[in-house]
> 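Right, I'll just put the structure down here and ask away after.
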Amino acid sequence: MATTIMNHPLIDHKLTVMRDKETKSNIFKQNLDEIAMLMAYVATKDLPLKNKEIETPITSMTAKELKRDVVLVPILRAGLGLVDGFRTIIPTAKVGHIGMARNEETLLPIEYYAKFPKELDIADVLIVDPMLATGGSAIDAIESVKSRGAKYIKLVCLVGAPEGLKAVEEKHPDVDIYLGTLDSHLNEKGYIVPGLGDAGDRLFGTE
Ligand code: PRP
Ligand code: URA
């Protein structure tokens, strides 16, 4: 499908605050909330609609509503930081959770938790995570929702590395990918450069 790099001035401005190593956890979270609303707007621009017959106070009309339920799937932990912003824009969205932790030596993700709403097969599923580094966590999360029937899948990440983007595109060519920005590369520890450090630790104050 397609990859969209948002490169939106408001996202870039707020991301600069998040990248700064002096930024404290509460300000980091506040900027992530604001960015999540902007990313939700961009990533939902092509969601399909269906007709709905309604009566306005003036007349009857054929109006539009979302064709499918929206299910957000944050990749724990850091993906949780995007849920509030997305749900502000899409309050009817249901939320599934998937726990993935990277083994910091092998860089391979391990799934430790999964709980989803029913009927993923007829929902627009938006997997959200601030970071797309090697792509391992996102690839496994996509496989996990596909194994439960999901067909209409988007991956939304704030900061991506070219290595992770290529890996997801190759493994799941049917998934639309949205990145707030594309950074330079991964370092030898699998961190995105320049990046913003460990998103989960900075969000939850566990550095
Ligand atoms: C981070 C991040 C992604 C993953 C990206 O999570 O939130 O899920 O790493 O890396 P990858 O693309 O190389 O898989 P982490 O495993 O550090 O867990 P945390 O969110 O609980 O801190
Ligand atoms: N996970 C993070 O939180 N940050 C990175 O730079 C890479 C993976």
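Atoms within a ligand are numbered from 1 in the order they appear, just like the ligands themselves. No hydrogens, no waters, no symmetry mates; every other heavy atom, side chains included, goes into these values.
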> May I ask you to say whether Lys94 pairs ionically with Asp69, meaning some side-chain N is under 4.0 Å from a carboxylate O?
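Salt bridge: yes.
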> Going only through I, L, V, M, F, W and Y residues with side-chain contacts under 4.5 Å, is there a path from Leu82 to Leu132?
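No, because Leu82 and Leu132 fall into different hydrophobic clusters, even though each may have its own neighbours under 4.5 Å.
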> Return the residue, atom name and 0.1 Å-rounded distance of the protein heavy atom closest to atom 3 (O) of ligand 2.
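Closest protein heavy atom to atom 3 (O) of ligand 2: Ala199 N, 2.8 Å.
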> Quick check: Pro130 and ligand 1, any N/O pair under 3.5 Å apart?
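The answer is no, given that Pro130 and ligand 1 share no N or O pair closer than 3.5 Å.
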> Does ligand 1 have an atom under 4.0 Å from some heavy atom of Asp129?
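Flag set, Asp129 near ligand 1.
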> Decide whether an N or O pair under 3.5 Å exists between Gly190 and ligand 2.
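Such a contact does not occur with ligand 2.
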> Could you tell me whether some N/O pair between Ile192 and ligand 2 is separated by less than 3.5 angstrom?
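By distance alone, the answer is yes.
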> Can you report which non-hydrogen protein atom sits closest to atom 15 (P) of ligand 1, along with the distance?
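Residue, atom and distance for the closest contact: Arg102 N, 4.3 Å.
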> Quick one: does Gly135 get within less than 4.0 Å of ligand 1, heavy atoms only?
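Checking ligand 1 against Gly135, which is what was asked, there is a heavy-atom contact under 4.0 Å.
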> Would you check if there is a donor-acceptor pair between the side chains of Asn51 and Thr62 at a distance under 3.5 Å?
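Not at all, the side chains of Thr62 and Asn51 share no donor-acceptor pair under 3.5 Å.
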> Judged by non-hydrogen atoms, does Ala138 sit under 4.0 Å from ligand 1?
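Outside the 4.0 Å threshold, so no.
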> Looking at ligand 2, does any of its N/O atoms fall within less than 3.5 Å of an N/O of Ala133?
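Looking only at distances, the answer is no, because the N/O contact criterion of under 3.5 Å is not met.
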> Among all protein non-hydrogen atoms, which one is nearest to atom 17 (O) of ligand 1, and what is the separation to 0.1 Å?
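Going by distance alone, atom 17 (O) of ligand 1 is nearest to Asp198 OD2, 4.0 Å.
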> Have a look at Lys29 and tell me which of Asp33, Asn26, Asn31 forms a side-chain hydrogen bond (donor to acceptor under 3.5 Å, both in side chains) with it.
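It is Asp33; the other options fail the test.
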> When you check the side-chain N and O atoms of Arg87 and Thr92, is any donor under 3.5 Å from an acceptor?
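No pair is found: no donor N or O on one side chain lies under 3.5 Å from an acceptor on the other.
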> Identify whether the distance between the nearest side-chain nitrogen and carboxylate oxygen of Asp201 and Arg77 falls below 4.0 Å.
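Salt bridge between Asp201 and Arg77, a charged N being under 4.0 Å from a carboxylate O: yes.
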> With no hydrogens and no angle check, just 3.5 Å: does a side-chain donor-acceptor pair link Glu169 and Thr3?
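Result is yes, a qualifying pair exists.
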> Considering only heavy atoms of Ser137, which atoms of ligand 1 have at least one such atom less than 4.0 Å away?
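Answer, ordered by atom number: 4 (C), 8 (O), 11 (P), 14 (O).
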